[in-house]
Amino acid sequence: MSVAVPVPYLDPLTYNVPTSYPDLPPIGARVRVPIGSRTVVGCVVAHATTDAGAAPRDVAGVLDEEPFLPPAIVDLCGWVADYYMAGFGDAIGAAMPPGSRRSDSFKTQRVVWATSHGLSAVEAGSAVAPKPLGGEGGSRADISLTAKQQAALEILAAAPGGLSMSALRDRGVSSDLTRRLAARGLVAVRAERDERDPFERAAQMDVTREDGRLLTEEQQAAVDTLVGLADAGGFRVALLHGVTGSGKTEIYLRLADRVCGSGRQVLLMVPEIALTPSVSALFRSAFGTRVAIQHSALSNGERHDQWQRIRRGEVDVVVGTRSAVFAPLANPGLIIVDEEHDTSYKQEESPRYHGRDVAIVRGRNSGALVVLGSATPSMESYQNAVSGKYSHVTLERRVLDRPLAAVRLVNMREEYAEGGPDVVISRALGAAIEQRLARREQVLVLLNRRGHATAVFCRQCGDTFECPNCSVSLTVHRARAGWQGRCHYCNYSMAVPTSCRKCAAPYLETTGFGTEKIEQRLRERFPAARVGRVDRDSVRRKGALTSLLSKFATGEIDVLVGTQMIAKGHDFPRVTLVGVISADVGLGLADFRAAERTFQLLTQVAGRAGRGERSGEAIVQTLYPGHYSIQAACRQDYPAFFERELAFRRGMRYPPHVAMINAVIRGRTFAEAMHAATDIVRSLEPSAERARFLILGPAPAPLGRLRGEHRVQFFLKGTRRADMRTGLKDVLAQMPDLKRRVTVDVDPLSVL
Ligand code: ADP
Ligand code: ZN
């Protein structure tokens, strides 16, 4: 019997069922099985086995007589494991409800490892522990360690793959101690499965739907087409491409109603529940207790109960984020992926699946209609729509013929010439905000970069503050005690001193700006205005995001500054102005999707203006007013952007023109990572030649160091994904020692 076990990247293992059990446990049942000296909870995935190796060990216990996971979900997990080159257990773990996994089984684990900072501290040992007498020599004293800290770091230094919090506790290292080490940047902590899903109270928000509202002509036509596809009862994918404010939610509701009436269930996926509150709230008001909303504000117990209700068939509609794609619905007839272009559908931990793509596979397996909704479809989906693989339904107008926001570009080079290099809010934007405040209308201001400043440097010697673990400079935040430098990748932080560490000159300066500085400038310039800020720092506290959004909705905030979080599907009817501070923030990234991201972000945020009775305007500040992604976003011309971008992707051989796999190899040194990558690439060359796919690299990753490890990457590009996967799988199977240090990303969204 084959059992998927909760060990990263591992294929199913073979076990024997002792004759004392009358029957084989069914596929989808949980069993306790031995691995090495431990016993873990695994899931039966097949009765036949392919393993011809040593005599299998016995199952230690059977937890379920009936399948716990429906066999269809086990199948789907098998597809995920194979397609994304993850372990079967990783995929099963993604599908399991919380609480169904005993200790040591499919649980989210927090993994801890020593950073290079920590490693050098432990190497220096207790020799530097006594603090120097004078106030001098600060940086050495920085890494003075207590005996307990030293012991903890020694344990971690011997475990390059890191140790879980619970393993550390077993060895006498308390979580408190770990946290203190993390605060000093000596260790890094990461949740192995980390799905942020800040639902909070938003979906319980009271939204009553006007019953019997008349659909617009366009909406009606879209509903007719989609109902026709749903009634046909087979698998089909449709792209619902509707401009912002065209009323897509209403269409989802009508379709869901129809499909539920036919006795099948509905799965609605949203990128993040708190950021798409109206959709979930509307579904709750329309379907009452027959809807289950999966979100993390529920306790594990409550989530488990919801999951069991779905499993028992008491639920017609499931609303949830990407992991809801594994919801145990018996016979889904409609799967909707709202804002299908949104990058939060991609899980950046193993299994690195894309919720939208798994939704399509689930739709195919269960003969369902899959509706992908967006105002800015991904290149992949739109290409499938133009090629006829997907049905293509478009909504070109906003409901009630409200016009799309007029977009005005401001060339920041001219602003700098006029007002000096310190300008962040242009004259046009400043004047427009003033006017809106006078008219008691609301304003959104987007800057997709958090923090106060982007870097600190010494004006005398040019020294800068880099993260000791990652190859990025520390972002400056304002803390109570002064400036604080923080790494946005590993969370390392340090107080910024008042004089230079190298030359002792007191001329430290900051450059660049983020949301914190915009907030400050707005408060200075418009002291009477109520200004709020939404970014990952301001919403860290549970409930903070919902509270800020609802304050804005009720008019207690006049100007809301934020990162891309404010650009998502919100419907704030009193917003008549959207300001974009640096439209080109993302264009500088060495990522082939940079232009697509920029276009999506600008179109989405401009779409937040003028959704009520008064028409809206967007003012976009940029250094590159001529760039095609900015130009097309201004005209809200999706097809023009698509044509231009597709030509670029074709020329450079990037998706969707070709399929792509990214492999990142980590090492303690650059040479180690490079050698390993070169070995893999060499072994892969024969199959690349045979199957005609390209290998690019190995080369240093744009983010050359991350969390204390060096990173080297290579890409596979070709038309047949299966050949590339098989080739890479075979090579890695022969290098078991290396496998742990290789991260494979199939259809990567980000290649940094
Ligand atoms: P989208 O998701 O396409 O951006 P929404 O579904 O949020 O758009 O709808 C935009 C606004 O239009 C919402 O306030 C919604 O209540 C309203 N709306 C949708 N359909 C209609 C209609 N047929 N008549 C009047 N208002 C509508
Ligand atoms: Zn870092």
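No hydrogens, no waters, no symmetry mates; every other heavy atom, side chains included, goes into these values. In each ligand, atom 1 is the first atom listed, and ligand 1 is the first ligand listed.
If you number the atoms of ligand 1 from 1 as listed, the ones under 4.0 Å from a heavy atom of L215 come out as 23 (N). Shown in contact with T244 at under 4.0 Å from a heavy atom are these atoms of ligand 1, numbered in order with element: 4 (O). Under a 4.0 Å criterion applied to the non-hydrogen atoms of L214, ligand 1 contributes the atoms 22 (C), 23 (N), 24 (N).
Judged by the shortest distance from any of its heavy atoms, R611 lies inside the 4.0 Å radius around the atoms of ligand 1. Ligand 1 does not have G242 within reach: every non-hydrogen atom of the residue lies 4.0 Å or more from it.
Using cut-offs of 30° and 60° for the angle between ring planes, the H392 and H241 rings count as parallel. Between W483 and H452, the two ring planes are tilted [angle within 30° to 60°].
Taking distance alone, with nitrogen or oxygen atoms compared against 3.5 Å, G247 approaches ligand 1 more closely than that limit. For ligand 1, none of its N or O atoms has an N or O atom of R402 under 3.5 Å away. Of the polar atoms of D571, at least one N or O is found under 3.5 Å from an N or O of ligand 1, judged by distance alone.
With the Zn ion (ligand 2) as the vertex, SG of C470 and SG of C490 span 110° to the nearest 10°. With the Zn ion (ligand 2) as vertex, C467 SG and C487 SG subtend 110°, rounded to 10°.
Inspection of the T376 and Q600 side chains reveals no N or O donor paired with an N or O acceptor under 3.5 Å. Checked by atom type, the side-chain pair N384/E380 shows no donor-acceptor distance below 3.5 Å.
Geometrically, R707 does not engage Y489 in a cation-pi contact defined by less than 6.0 Å to the ring centre and at most 45° from the axis. For the pair R290 and F283, the cation-pi test (distance below 6.0 Å, angle within 45°) is failed.
Taking the centre of each ring, H477 and H488 come in below the 6.0 Å mark. Taking the ring centroids of Y382 and Y390, they lie at or beyond the 6.0 Å cut-off.
Put simply, H488 stays out of reach of the Zn ion (ligand 2), with no N, O or S atom under 2.8 Å from it.
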